Enquirer: 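Attaching a single structure in structure tokens format; questions to follow.
In listed order, ligands and their atoms are each counted from 1. All of these numbers come straight from a predicted model, not from anything done at the bench.
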Amino acid sequence: MGKVYVFDHPLIQHKLTFIRKKETGTKEFREMTNEIAGLMAYEITRHLPLRDVEVETPVATAQCKTISGKKLGIIPILRAGLGMVDGILELIPAVKVGHIGLYRDPETLMPVEYYVKLPKDVSEREMIVVDPMLATGGSAIEAVNVLKRNGARNIKLMCLVAAPEGVDKMKEAHPDVDIYLAAMDERLNEKGYIVPGLGDAGDRLFGTK
Ligand code: URA
């Protein structure tokens with residue numbers, strides 16, 4: 001069964017508090033979302049394997065470490081996932097970025113793909129799906145379906161805030177996918193919003209309604 005990790009780093013928690021506040025404006029919301037995403041990327045990459053290298057400093061030969069060729073990819077789910085990309089790229093500038101766009105069919109209520117563009121070697125990469133909110137789980141489950149259909153074998157999901165309902169659905173649908181969060185909230189309300197959550201992440205990121 002997939003594991004769920006909630007990052008309790010004080011900087012992540014402090015910034016999350018800031019973006020939860022309803023009076024936080026678009027500019028600050030966007031900046032802090034990216035900062036949290038960067039901090040979470042720092043935590044999520046702790047396991048990356050290192051190899052020994054020798055470099056010449058201006059003074060002497062130094063025995064050093066370098067990341068040993070582990071390939072990463074991040075996949076923002078459109079559109080709110082875009083709000084996490086720059087923060088991750090600041091830390092891991094060479095990471096490949098794919099995109100998955102999904103909408104909910106008004107009749108079946110099922111997520112439908114309208115845009116998929118992935119790195120060509122997804123089967124060799126550790127793919128991190130990013131979306132600020134894990135609410136019902138529908139989009140994240142479908143995004144992972146898309147990745148698996150395209151050959152991905154090593155997938156993680158990184159969200160800022162989750163509802164237990166979405167986490168349970170995700171674990172059931174994709175037990176091989178670990179979930180990384182900044183917070184696990186109380187529940188979903190009748191409109192599908194996470195409570196207490198932070199509202200509509202896409203609207204708050206892009207200043208729409
Ligand atoms: N999507 C959001 O942006 N916010 C929620 O609370 C739930 C889904």
Side-chain angles (χ1 to χ4, degrees), residues 2 4-7 12-13 15-41 74-88 97 99-116 128-147 155-174 177 179-209:
V4 180
Y5 300 90
V6 180
F7 292 134
I12 294 177
Q13 294 306 315
K15 288 170 194 289
L16 180 64
T17 300
F18 196 83
I19 63 169
R20 281 189 191 273
K21 288 184 195 166
K22 63 179 178 198
E23 56 275 12
T24 298
T26 304
K27 175 178 178 288
E28 289 78 19
F29 190 93
R30 203 178 274 157
E31 286 168 0
M32 292 276 175
T33 299
N34 270 310
E35 287 172 22
I36 296 168
L39 291 164
M40 291 180 77
I74 57 168
I75 306 290
I77 302 178
L78 303 179
R79 98 189 132 133
L82 293 175
M84 298 169 72
V85 173
D86 287 348
I88 300 171
V97 184
H99 294 88
I100 295 181
L102 304 166
Y103 70 88
R104 187 183 290 263
D105 183 299
E107 279 174 15
T108 65
L109 301 181
M110 296 302 288
V112 180
E113 326 161 14
Y114 66 86
Y115 187 78
V116 176
I128 306 173
V129 175
V130 300
D131 197 357
M133 310 301 276
L134 178 58
T136 60
S139 303
I141 289 168
E142 187 52 26
V144 173
N145 285 338
V146 170
L147 281 174
I155 306 171
K156 292 179 160 59
L157 173 66
M158 183 169 119
C159 303
L160 303 193
V161 180
E165 294 90 330
V167 168
D168 289 347
K169 286 233 176 72
M170 182 71 198
K171 283 166 72 175
E172 197 184 320
H174 295 294
V177 174
I179 303 172
Y180 297 83
L181 305 171
M184 173 80 101
D185 274 10
E186 287 165 24
R187 62 185 170 85
L188 284 181
N189 71 13
E190 61 291 344
K191 291 185 176 152
Y193 280 95
I194 299 176
V195 180
L198 47 75
D200 187 304
D203 282 346
R204 296 198 65 189
L205 277 164
F206 297 109
T208 50
K209 224 143 92 83

Enquirer: Please name all residues satisfying ring pair (Phe, Tyr, Trp, His ring centres under 6.0 Å) with Y180, sequence neighbours left out, ordered by chain then number.
Expert: Y5, F7

Enquirer: Could you pull out the closest heavy-atom pair between F29 and T24, with the gap in Å?
Expert: N-CG2, 3.8 Å

Enquirer: Of all heavy-atom pairs between L134 and I194, which one has the smallest distance, and what is that distance?
Expert: O-CD1, 3.5 Å

Enquirer: For atom CZ of R20, is the number of surrounding heavy atoms from other residues, nucleotides or ligands below 6.0 Å larger than 12?
Expert: yes

Enquirer: Could you point out which residue of T17, L181, L39, L160 forms a side-chain contact (heavy atoms from CB on, under 4.5 Å) with I12?
Expert: L39

Enquirer: Taking L188's backbone N and O only, do any of them form a donor-acceptor pair with E165's side chain (distance below 3.5 Å, no angle check)?
Expert: yes

Enquirer: Quick check on ligand 1: any N or O pairs to the protein under 3.5 Å? One line per pair.
Expert:
residue, atom, partner, partner atom, Å
ligand 1, 3 (O), A201, N, 2.7
ligand 1, 4 (N), G199, O, 2.7
ligand 1, 6 (O), I194, N, 2.8

